[in-house]
Asker: 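Submitted below is the structure of interest, expressed as structure tokens.
Bear in mind the structure is a predicted one, so any value in this text is a computation, not a measurement. Here is how names work: the chains are called A, B, and so on, in the same order as the sequence lines, proteins then strands, and each is numbered from 1.
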2 protein chains.
Amino acid sequence: MRYTTDHKQQTREQILSAAARQFRERGFDQASVGSIMKEAGLTHGGFYAHFESKDELIANVIRGGFDQVSERFESQFNHLHGEDWLRTWVDRYLSDGHYHAMDRGCPMPALAGEIGRADAQSRHAFTELFEQRLRRVMKEVDAPQDQARRRVLAAVSQMSGALMLARTFDNQLADDVRSAAAEQAIATLVGRPA
Amino acid sequence: MRYTTDHKQQTREQILSAAARQFRERGFDQASVGSIMKEAGLTHGGFYAHFESKDELIANVIRGGFDQVSERFESQFNHLHGEDWLRTWVDRYLSDGHYHAMDRGCPMPALAGEIGRADAQSRHAFTELFEQRLRRVMKEVDAPQDQARRRVLAAVSQMSGALMLARTFDNQLADDVRSAAAEQAIATLVGRPA
DNA sequence: GATTTTATATGATGTTTATCATATAAAAAT
DNA sequence: ATTTTTATATGATAAACATCATATAAAATC
């Protein structure tokens, strides 16, 4: 079947989107090529017309995860600055919405565990994408570069750690972790005690 | 072969220890029953004399992970109190040793991602073990109960998040994350700005 | 020393997996 | 309208996996 020029590109994006969902929800191993292709509305064999291997798919999903999160945030909050921007960032990151959106949220709490076990090349790519994002957030922190960097690193650890833990806990504790981490992360970023 | 009364118990513990290592290093899926039994010096078939299923093994490894971490810490630092205890806790948690000991350290940064995808029963067990540990740490925080609870939750998120991220980054960034998180976590716990 | 008991080993089964060679069908080009 | 091109489908292959039935061998008991 020969479709319009960008039809293959569209299919590729459907595969990527299904993979992004399933990887976060089930993990790299349990999300099989077959089930990803099924969710994309195709059969398993066609996969290799789009990607060389499952590993290549994984690499692309990681890259896409950071891009999506950045784009979504930049487009919705480019009118905010400094402290307002930072507060909004933390609140959104630890919001109910993001907490429940394990299947499409930030790749760090959902995938970092598995990426930590990947080869050096994948880890390096992940590091570069993170640093890009780190520099962006640093811009909004009112402090000298090296101070700002330390504060953002501390806050990001806290935020992604809280989300990861909240998703493993049930009920009350999940909410408490998010709220406690949000309070401290904001305090750290704006440089005032909680 | 009929060995001494507790020989089976010893073998069971060797299986648990091999599983604890491999689960952290490779993840639940990639660590097969076969490879775990091989590391324990046995063949795969004998596994089912010790555990009903791989899931039961996973549940036992999670339980053991918390126990080990607690025991190790309590036995080595029961002479410390309050701020000293807390500082030592944070420093050890984010130390080079623990950073490199992915295969035998705290189960949270290594396994939380996968446990988040487990069934409600496993997640509930994990929650209970965590709460136990939480109450222990709270005792050393010099603040009213609810304040102490919030501070420890914030600090634990930060510490486990930092360790998880450090293990996915390469080199410099890994060190920076740990050091920034340690500084802020201590500040939070002792109630003084960094 | 013969018998019983039981911890571990062997080997088989059925399922799932990633990957690939080949087939099909429809759009595009002629 | 025929031919060419190519996106997807089918079906096969080989490996890995969890689980289980059965076998073996050695310690304990008599």
Asker: Verify, without hydrogens or angle tests, whether B/His100 (side chain) and B/Asp96 (backbone) share a donor-acceptor contact under 3.5 angstrom.
Answerer: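 Yes.
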Asker: Please list residues of residues 45-60 of chain B whose heavy atoms come under 4.0 Å from any atom in DNA chain D, ordered by number; otherwise none.
Answerer: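 Listed by number, they are B/Gly45, B/Tyr48, B/Ser53, B/Lys54.
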Asker: Grab the CD-P distance between A/Gln9 and D/dT8 for me, whole Å please.
Answerer: 11 Å
Asker: Under the 3.5 angstrom rule, does the side chain of A/Arg117 hit a backbone N or O of B/Arg24 as a donor-acceptor pair?
Answerer: yes
Asker: Answer yes or no: is there a donor N or O on one side and an acceptor on the other, between the side chain of A/Arg123 and the main chain of B/Asp170, under 3.5 Å?
Answerer: no
Asker: Would the A/Phe126 and A/Phe130 ring centres measure less than 6.0 Å apart?
Answerer: no
Asker: Is the side chain of A/Glu114 donor-acceptor paired with the backbone N or O of A/Phe28 at a distance under 3.5 Å, no angle test?
Answerer: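 Here the side-chain-to-backbone pair exists.
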Asker: Under 3.5 Å, is there a donor-acceptor pair between the B/Ser179 and A/Arg150 side chains?
Answerer: yes
Asker: Between the side chain of A/Glu131 and the main-chain N/O of A/Thr127, is any donor-acceptor distance below 3.5 Å?
Answerer: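 It does not hold such a pair.
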Asker: Run the salt bridge (Lys or Arg N to Asp or Glu O under 4.0 Å) check on B/Arg178 and B/Asp175 step by step: do they pass?
Answerer: CA-CA 5 Å; B/Arg178 283 192 289 134; B/Asp175 293 345; 3.0 Å; yes
Asker: Quick one, which residues of residues 16-44 of chain A touch DNA chain D with a heavy atom under 4.0 Å?
Answerer: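 Output list: A/Leu42, A/Thr43, A/His44.
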